Participant: 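Would you mind keeping the following structure in view while I ask a few things?
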Protein chains: 2
Amino acid sequence: MTITIKDIANKANVSITTVSRVLNNKKGGIGDETRKRILKIIEELDYSPDSIARSMKTKKTKSIGLIIPDIRNPYFPELVRGVEEVANKCKYNVLLYNTDGNKNKELESLRLIKENKVDGIIFTSSNPGTFNENNKYFIEKDSPIIFIDREPEIESYSGLFLNNEKAGYIATKHLIDLNHKNIGCITGPKQIQNSQQRLTGYKKALNDAGVDVNEDIILNGDYQMQGGYEAAKRLIENKAVTAIFALNDLMAFGVYKAAQEFDVQIPKELSVVGFDNLSFNELLTPKLTTIDQNVSNMGKVAAKLLLKKLGSGGGMQNKSIYLDPKLIIRESTTFYKIASSSFKLRRSKNFEKTSNI
Amino acid sequence: MTITIKDIANKANVSITTVSRVLNNKKGGIGDETRKRILKIIEELDYSPDSIARSMKTKKTKSIGLIIPDIRNPYFPELVRGVEEVANKCKYNVLLYNTDGNKNKELESLRLIKENKVDGIIFTSSNPGTFNENNKYFIEKDSPIIFIDREPEIESYSGLFLNNEKAGYIATKHLIDLNHKNIGCITGPKQIQNSQQRLTGYKKALNDAGVDVNEDIILNGDYQMQGGYEAAKRLIENKAVTAIFALNDLMAFGVYKAAQEFDVQIPKELSVVGFDNLSFNELLTPKLTTIDQNVSNMGKVAAKLLLKKLGSGGGMQNKSIYLDPKLIIRESTTFYKIASSSFKLRRSKNFEKTSNI
DNA sequence: TTGTAAGCGTTATCAT
DNA sequence: ATGATAACGCTTACAA
């Protein structure tokens, strides 16, 4: 038998109201002796309130939904931890949803709100158009959703975004300052907004420095290691670049792999800049110069934003926060000297070496 | 204004009972015409039932709790996806908790069940003794918890475990078959059961092959890259081994790092076997020979087990499943020839090389 | 300081 | 085939 507030009330010879009062720490209106007695009984019976019943009245679940494309993408565990940390601190639970960027799954997850399962949602989409004005699940002005990383196509929303263009700019600028002129760029999937923004920053930095943008060394990647690897291979084979800016770390890993395969030394012969500052960077030798998004912090800020919104009872203006990126200079970038870039010759030697292992 | 079953009933000129019936697909007792009419109105009003109110009656939340140490550990995202996949297929939501192996947090999370927030829990502890007979949150015989990877100290439970000893055995056997005799072993934290089991398998394989167990080359690691790195450094410096069995992949990564630093060729001069088959293995050159746990599958099986238990209304026997490990042979292990293991000399050369980069 | 009672949105029992 | 109503465990006016 599950024990309820009624049992406590009986045992303490008070009404359930009184018990409810001490449960919710109502300030005034409770005898000190009564409170103690009730508390003691609660303790004895190891009672804890049924949060479902509580939600029924309050219309609050103390839960938030966290919707992401794929937790296996190493970007997200950090985000999740960040969100969870502040959520739990405020006694909120976190419901996790992976959508694989699938629009139906994204929409499906919004049902959570309608069904009262969560008080609010933190949403990272990889899919443009999930939220737009025509959408059946269109979210009204003060709906408790925080968008992360990708702006929805609706008129008003709250969100948390990285200043991706600036990030692309400073990463490229760093390379330019290091005397690089032929800087390859490996992008993410075309439809993903942040990839476009980073690319814009890249081009802008080039322009500002008076370096021509060479579309031939801007290659499409997929934000996966494999795409980075393949693009890097082409770039290296064509001996076209002295530096590569990969628009995320996963692809930068792919660049490392290609470089290793072709026996191209990083950073001596090829400088590499990544984007994300994943913790696996530790793994790499040399350590990767990259853009830090401080993903864990983004999670925290997003959660705080959401919780604040929830606390305000819908009376809060929608607002978006733009975070500034930070360039983390490590070991994968170095000053370009013309003489050092002659890896094409050595590559053939390497082929022999590889084949007899 | 939120729309309820009552609104539907009014609009359809029926009682809420009838509406409830069509919502729950009750077989008999509903006029075909009425059903259609109601369905249409539901559609029109875009109504969906309040799952909290539903839970109130049914005592079911259609949610499960997934409790893990840390989602940033690359082992867990796979698990989470596996769990989520089958949970969602059965219309269950997943609440995620990271405990950092903290006992209090682990206990805290169990409150979820008491508060009726979840119907069941899948629990991966890294902390012995969270569940034991004295524990206040002691879980009774048919409580809906599935333990993963670590057995609790209670008398009866359901769980899903890898046959770790066997895994340790076949990994070591593989190395022995490759003519290795001096096989170093880097373990996980002492208190973690699966590390002990893997180690037992390692020793057994050695014994069965008539190779003496050398405690000097069994080093304590921490299941983190750093620990693997440090242990490997010592092993390499002492020139004591021709192969290393790291009890998880993260530590194997550390071994790679140390090998690289000392210019020791894998596998030519040092064979390495890992454990977990993390997806980042793709990153490594050469690719890591490792034990595959099929973590994603474990997640699925665990979820199925839990759901089955929930479906059975508590009338199910507790039972545990032991999964068999699989050795994935890739490029980091090779046949040991005595001549090839002279890396100590070359190491000093490498120091010069490193220092002038 | 404490108690009574209504009500949250469902489902389920028992009528009709 | 359908409806009236109690009940789930809590919070919260409103009373006392």
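All chains are named by letter (A, B, ...) in the order of the sequence lines, taking the proteins before the strands, and each is independently numbered beginning at 1. Note that the structure is predicted; figures quoted are calculated from it, not measured.
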Participant: Would you please name every residue forming a salt bridge (Lys or Arg N to Asp or Glu O under 4.0 Å) with B:K89, sequence neighbours left out?
Facilitator: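 Partners of B:K89 by the salt bridge (Lys or Arg N to Asp or Glu O under 4.0 Å) criterion, ordered by chain and then number, come out as B:E85.
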
Participant: Would you call B:D50-A:K59 a salt bridge at under 4.0 Å N-O?
Facilitator: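 So B:D50 pairs with A:K59 through a salt bridge.
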
Participant: Rounded to whole Å, how long is the line connecting atom CZ of B:R37 with atom P of D:dT2?
Facilitator: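 Rounded to the whole Å, the gap is 8 Å.
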
Participant: Kindly write out the residues that satisfy salt bridge (Lys or Arg N to Asp or Glu O under 4.0 Å) with B:R81, not counting sequence neighbours, or none if the list is empty.
Facilitator: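 B:R81 satisfies salt bridge (Lys or Arg N to Asp or Glu O under 4.0 Å) with A:D70, A:D100 only.
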
Participant: Can you tell me how far apart CD1 (B:I67) and OG1 (B:T99) are? Round to the nearest 0.5 Å.
Facilitator: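 Separation between the atoms: 8.0 Å.
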
Participant: Does B:T58 have a side-chain nitrogen or oxygen under 4.0 Å from the phosphate oxygens OP1 or OP2 of C:dT11?
Facilitator: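 Checking C:dT11 against B:T58, no side-chain N or O comes under 4.0 Å of OP1 or OP2.
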
Participant: From NZ of B:K6 over to C1' of D:dG3, roughly how many Å is that when rounded to an integer?
Facilitator: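 Value for this atom pair: 14 Å.
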
Participant: Does C:dT2 have OP1 or OP2 sitting under 4.0 Å from an N or O in the side chain of A:T34?
Facilitator: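 Yes, within the criterion.
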
Participant: Polar atoms only, N or O, under 3.5 Å: list the protein pairs with nucleotides 4-7 of chain C and their distances.
Facilitator:
| residue | atom | partner | partner atom | Å |
| --- | --- | --- | --- | --- |
| C:dT4 | O4 | A:T17 | OG1 | 2.5 |
| C:dG7 | N2 | A:K57 | NZ | 3.3 |

Participant: I'd like to check the salt bridge (Lys or Arg N to Asp or Glu O under 4.0 Å) partners of B:R35; sequence neighbours left out, ordered by chain and number.
Facilitator: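 Salt bridge (Lys or Arg N to Asp or Glu O under 4.0 Å) check on B:R35 returns nothing, list empty.
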
Participant: Donor-acceptor pair, A:S55 side chain versus A:S51 backbone, under 3.5 Å?
Facilitator: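 Checked: pair present.
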
Participant: Check whether any side-chain N or O of B:N88 sits under 3.5 Å from a backbone N or O of B:K91 as a donor-acceptor pair, and report yes or no.
Facilitator: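 Checking the backbone N and O of B:K91 against the side chain of B:N88, no donor-acceptor pair under 3.5 Å is found.
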
Participant: Check the distance between C:dT11's C1' and B:I8's CD1 and give it to me in whole angstrom.
Facilitator: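 Going from CD1 in B:I8 over to C1' in C:dT11 covers 16 Å.
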
Participant: Does atom NZ of A:K36 have more than 12 heavy-atom neighbours, drawn from other residues, nucleotides or ligands, at distances under 6.0 Å?
Facilitator: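 Open.
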
Participant: Are A:K309 and A:S158 linked by a side-chain donor-acceptor pair shorter than 3.5 Å?
Facilitator: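 Present: a donor and an acceptor within the cut-off.
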
Participant: Please report the end-to-end axis angle for the helix from C:dT1-D:dA16 to C:dT16-D:dA1, five pairs per end, rounded to 10 degrees.
Facilitator: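 One end's axis against the other's: 40°.
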
Participant: Nearest of C:dG3, C:dG9, C:dT2 to any side-chain atom of B:M56?
Facilitator: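 Nearest nucleotide to the side chain: C:dG9.
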
Participant: Testing the basics here: between B:T4 and B:Y47, what is the closest heavy-atom pair and its distance to 0.1 Å?
Facilitator: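 In this case the closest contact between B:T4 and B:Y47 is C-CE1, 3.6 Å.
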
Participant: B:K26 NZ to C:dC14 P: how many Å, rounded?
Facilitator: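 So the two atoms are 15 Å apart, to the nearest Å.
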
Participant: Between C1' on C:dT10 and CG on B:L23, what's the gap in Å once rounded to a whole number?
Facilitator: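 Spelled out: CG on B:L23 to C1' on C:dT10 is 10 Å.
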
Participant: What is the distance, to the nearest angstrom, from the CG atom on A:N10 to the P atom on D:dC10?
Facilitator: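 Spelled out: CG on A:N10 to P on D:dC10 is 13 Å.
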
Participant: Can you list, by residue number, the residues of residues 47-55 of chain A that have a non-hydrogen atom closer than 4.0 angstrom to DNA chain D?
Facilitator: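 DNA chain D contact set from residues 47-55 of chain A: A:Y47, A:P49, A:D50, A:A53, A:R54.
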
Participant: Base, sugar-phosphate, or nothing for B:N13, non-hydrogen atoms under 4.0 angstrom?
Facilitator: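 It contacts sugar-phosphate atoms only.
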
Participant: In this structure, how many angstroms lie between the P atom of C:dG9 and the CG atom of B:N24, rounded?
Facilitator: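 From B:N24 CG to C:dG9 P: 17 Å.
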
Participant: Send over the distance from B:K62 NZ to C:dT11 P, rounded to a whole Å.
Facilitator: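 Answer to the nearest Å: 13 Å.
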
Participant: Between A:N104 and A:E108, is there a side-chain donor-acceptor contact under 3.5 Å, judged purely by atom types and distance?
Facilitator: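 Absent: no donor and acceptor within the cut-off.
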
Participant: Just by distance, no angles: are the side chains of B:T61 and B:D119 close enough, under 3.5 Å, to form a donor-acceptor pair?
Facilitator: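 Yes - a donor-acceptor pair under 3.5 Å links their side chains.
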
